[in-house]
Number of protein chains: 2
Amino acid sequence: MLYSIKQMAQMSGVSTRTLRYYDEIHLLKPTKTNEAGYRFYSTVEVDRLQQILFYRELNFKLSDIQRILSSESQSIQSILHTHYDALVEERNHIDSLIEAVEHTIAYHKGEIEMSNEEKFAAFKKKRIEENENKFGEEIREKYGEEAVEEANQSWMGMSEESYKEMQEIESELIERLKQFNQQKNQQKEDAKQIVMLHKKWLQYTWSTYSSEAHKSLADMYIADERFTQYYDEKAGVGAAQLLRDSILAYA
Amino acid sequence: MLYSIKQMAQMSGVSTRTLRYYDEIHLLKPTKTNEAGYRFYSTVEVDRLQQILFYRELNFKLSDIQRILSSESQSIQSILHTHYDALVEERNHIDSLIEAVEHTIAYHKGEIEMSNEEKFAAFKKKRIEENENKFGEEIREKYGEEAVEEANQSWMGMSEESYKEMQEIESELIERLKQFNQQKNQQKEDAKQIVMLHKKWLQYTWSTYSSEAHKSLADMYIADERFTQYYDEKAGVGAAQLLRDSILAYA
DNA sequence: AATAAAGGTTTACGTTGCGTAAAGGTCAAG
DNA sequence: CTTGACCTTTACGCAACGTAAACCTTTATT
């Protein structure tokens, strides 16, 4: 008993396109073909197709099904387990997504009035993520995992008040740097002050301060254009260079 | 402060390709472009990108994100809810998949020694599915939902013994049909016997037998090439036609 | 100022599993 | 001999980019 492609499709509930595709990728070949190229399937292929569809419903990729159907139970086992693990992980992922969407919905409803602290915490978290993406890799290489972790921890632990202080210190630092940058006769004392301010600012997140690390950081300021741009824009062109030199001299 | 595409990418942790793609689909355009075509982004785009990534992590499609970011909270609500429902459904689906894969694993381990009855049940289930795909629609139209349901039920309720009897009856039917088909002088009595056997065979699954339905079914035998092929192959060319005529005459 | 290195651009194919035409042969039936 | 019904191959479309090719700009270095 031979089935035409359409009969085969109707019997199994798939499209003829699917059968041609499976032929194309060598997943399921017809027993024979016509002189005209017509495909014909026997009961052997019907059974194989049933198996394919079984695994397909379990979300297996066709390439995996391919391997399953042409391998010993040994590797079938491992494929099944791998797939199982992937499914479990996916479920966990979706679970967390569901939770997150629930929160988002509640937030949009206005049901969750974010408190100031929560907003601040979210803000800090965002900053850390940004910094991680910006410099995380380089900094970890230079100062090690723990230093970075510690810095992030102290960031997250920082109160809104401390943050304001830190901001103010930075403002002063920049103001001084600006003036210093415009001076004709630059005073040693001014440079020292600036370095002090910068140190103070750093220590808000960098509990294990050392002058070595400070100098090393200063080098990065120049090496990385993003630092340079930041200070040059805020305190005038050359400010980053000036800050670096000052740190190297007086840290 | 303007960011180059690479800076933007590093800050947010996406690839430059992604940013170009988002530009291409009008999801995130740079604030300005160079004479040379270089893209530059401002903090506005940084924030928008953050939002995009937020929703992207929740598995939203980019087209949905597009709509979310450019619509009032009214439609945001509905998009969120739709997405939420989809996620829940997906989780349920995955849960069932996990269960199924567990079973499959156990089966492959040989832990589940399928009893004969279970095997038989699985076999019957498979037959029904095949039949549903083959003829389900047509038969439902002709005989109604209940008739089909009932037939399937009696199928599923059938014991292995009954099934063997049924098989034997079919064997005899086919044997008789074959001989009848080869006879020169076909005897009325032989035809009647054949119809009887077919009726008996039918009644294993068709508890509400009527000669009307039997005749109607006979017409289908000829109309559907799959029936025709089946009987012609088993009992010789012309057997299907013969069976039909007999049924019409003596049912 | 010339050159190398780094970064930018567009174009386009590959991925997964088919759906959906388009253009054109083949086969059984009237 | 002509319909239809069914078959074939070819090929674009989808989602969200990864990857590579070929080539132009900007920045850094000599």
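Numbers restart at 1 for each chain; the letters A, B, ... are given by sequence-line order, proteins then strands.
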**Side-chain N,O (B:Ser63) to OP1/OP2 (D:dA15) below 4.0 Å** = no
**Message:** Measure CG/B:Asn59 against C1'/D:dA16 and give the value in whole Å, please.
**Reply:** 13 Å
**Message:** Less than 4.0 angstrom between a side-chain N/O of A:Asn34 and OP1 or OP2 of C:dC27, yes or no?
**Reply:** yes
**Message:** Any side-chain N or O of B:Ser15 below 4.0 angstrom from OP1/OP2 of D:dG18?
**Reply:** yes
**Nucleotide of D:dT25, C:dC18, D:dG18 approaching B:Ala36 most closely (side-chain heavy atoms)** = D:dT25
**Message:** C:dG8, OP1 or OP2 - any side-chain N/O from B:Ser4 closer than 4.0 Å?
**Reply:** yes
**Request:** Step through the shown structure and confirm whether more than 12 heavy atoms of other residues, nucleotides or ligands are within 6.0 Å of NZ on B:Lys29.
**Result:** yes
**Item:** Donor/acceptor link under 3.5 angstrom from B:Arg17 side chain onto base of D:dT19
**Value:** yes
**Request:** Check every atom of C:dG17, D:dT8, D:dC6 against the side chain of A:Lys6 and return the nucleotide holding the closest atom.
**Result:** D:dC6
**Message:** Please classify the nucleic acid contact of A:Glu24 as base, sugar-phosphate, or nothing, using heavy-atom distances under 4.0 Å.
**Reply:** nothing
**Prompt:** Taking the side chain of A:Arg39 as heavy atoms from C-beta outward, which of C:dG7, D:dC17, D:dT9 is closest to it?
**Reply:** D:dT9
**Asked** Would one find a side-chain N or O of B:Thr18 under 4.0 angstrom from OP1 or OP2 of D:dG18?
**Response** yes
**Message:** Measuring to OP1 and OP2 of C:dT20, would you say a side-chain N or O of A:Arg20 lies under 4.0 angstrom away?
**Reply:** no
**Prompt:** Does B:Tyr22 make a side-chain N or O approach to OP1 or OP2 of D:dA16 shorter than 4.0 Å?
**Reply:** no
**Message:** Quiz question: going by heavy-atom distance under 3.5 Å, is there a donor-acceptor pair between the base of C:dG19 and the side chain of A:Tyr21?
**Reply:** no
**Request:** Give one of base, sugar-phosphate or nothing for A:Ile25, where a contact means two heavy atoms less than 4.0 Å apart.
**Result:** nothing
